[in-house]
There are 2 protein chains.
Amino acid sequence: MVEELILQQHHIKATANRITILRTLLKSKHPLSMNEICDRLETVDKSVVSRTLTLFREQGMLHVVENGNECTEYELCKSSTKEHDTDQHIHFHCIICKKTFCFENVSPPGISIPDGFKQLSVNYMIKGICPSCKNAR
Amino acid sequence: MVEELILQQHHIKATANRITILRTLLKSKHPLSMNEICDRLETVDKSVVSRTLTLFREQGMLHVVENGNECTEYELCKSSTKEHDTDQHIHFHCIICKKTFCFENVSPPGISIPDGFKQLSVNYMIKGICPSCKNAR
DNA sequence: TTTTTAATTGCAACAAGGTTGCAAGAACAA
DNA sequence: TTGTTCTTGCAACCTTGTTGCAATTAAAAA
């Protein structure tokens, strides 16, 4: 099973809940929040989802997508490990339908930051209106 | 008074609370969260701070800085109005001291986004360790 | 000035997102 | 089998932020 393989690669013990949560993330086309995962998986307690997402994050399995006023979202990293996150891209958050899109093939332009600051991660979030919400008006 | 002038320019009635909150933002070297403002101003109720920040935001007086897992922060716009926000820059959030810095002279590189998406705002947030936290270790 | 109307304030209660303590259950090794 | 560790689910809690409402204040009209 794909899920077990991924968990194994990140040194996480495979349990039924973890496989289910991972599968939910795998199936989704856009980043999911904790509550979206809970809604899709009514059998799993939110405390388990919370702890599982923390675990996945700590093991470098997830990207954390910060969409602003709303809640934190998570998406699977394609090619990242705990040490190296090579899979960063730009996100677009629709202020109407509240969905977050990944612009996979547009990578965030590197910028030079002032001396003394140590960069660990980047979050490039564009807000606006997505095509389907734009057309709906 | 500078504060009254700024409020007037954004068509906001000047009250004692609003002037105090604006002054707090003016004095700060980095973006402030609602709670940081409440801490500095113990006489003003947090509901007033909340409503005031909403008002300031609606009138284009503030930048909203999303620092991720923690809370929303606000900073004064230098040159923005309700219609045009020309004063966007990159922010750096220190994961240790939780302070957010503005990189004033590094403007976010424009990127071309896919067709159909309408861009309204950009948030470019770098996370890492700031100079003083780096030196403290 | 007095009256009427509208805006602002402060308190408390609430809501959403998320975390934590803890006891019970499952997995696993000795 | 027994002991140890990990995982789970429930409830309680915390934090950030908003809202209902009555009281106060400010502004406008008479």
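Atoms considered below: every heavy atom in the structure, side chains included; atoms not considered: hydrogens, waters and symmetry mates. Predicted model, so just to flag it, every value in this text is computed and none were measured. The sequence lines fix the lettering, A, B, ..., with proteins before strands; numbering per chain opens at 1.
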Next item on the list: Choose from D:dT16, C:dG18, D:dT18 the nucleotide whose nearest atom is closest to any side-chain atom of B:Cys71.
Entry: D:dT16
Item checked: Sole residue of A:His30, A:Lys127, A:Glu66, A:Glu73 in side-chain hydrogen bond (donor to acceptor under 3.5 Å, both in side chains) with A:Thr100 ->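 Between A:Thr100 and the candidates, side-chain hydrogen bond (donor to acceptor under 3.5 Å, both in side chains) is satisfied uniquely by A:Glu73.
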In whole angstrom, give the distance that lies between atom [atom1] of [X] and atom [atom2] of [N].
X       : N      : atom1 : atom2 : value
A:Ile37 : C:dG18 : CD1   : P     : 10 Å
B:Lys46 : C:dA13 : NZ    : C1'   : 10 Å
B:Asn17 : C:dG10 : CG    : P     : 5 Å
B:Met34 : D:dT19 : CE    : C1'   : 12 Å
A:Leu53 : D:dT8  : CG    : C1'   : 15 Å

Name the nucleic acid region contacted by [X], choosing base, sugar-phosphate or nothing; use a 4.0 angstrom heavy-atom cut-off, strictly under.
X       : value
A:Lys13 : sugar-phosphate
A:Arg51 : base
A:Asp45 : base

Notebook entry, point to check: Only one of B:Pro131, B:Ser132, B:Cys133 clears side-chain contact (heavy atoms from CB on, under 4.5 Å) with B:Cys94; which?
Noted result: B:Cys133
Notebook entry, point to check: Does the B:Glu58 side chain pair with the main chain of B:Leu55, one donor and one acceptor, at a distance under 3.5 Å?
Noted result: no
Checklist line | 5′-ward residue of the pair A:Ser47/A:Asn35 relative to DNA chain C | finding: A:Asn35
Margin query: Which is more 5' along DNA chain C, the nucleotide nearest B:Thr15 or the one nearest A:Ser50? Just name the residue.
Written below: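 The residue whose closest nucleotide sits nearer the 5' end is B:Thr15.
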Item checked: Heavy-atom pair of closest approach, residues A:Lys98 and A:His93 -> O-CE1, 3.1 Å
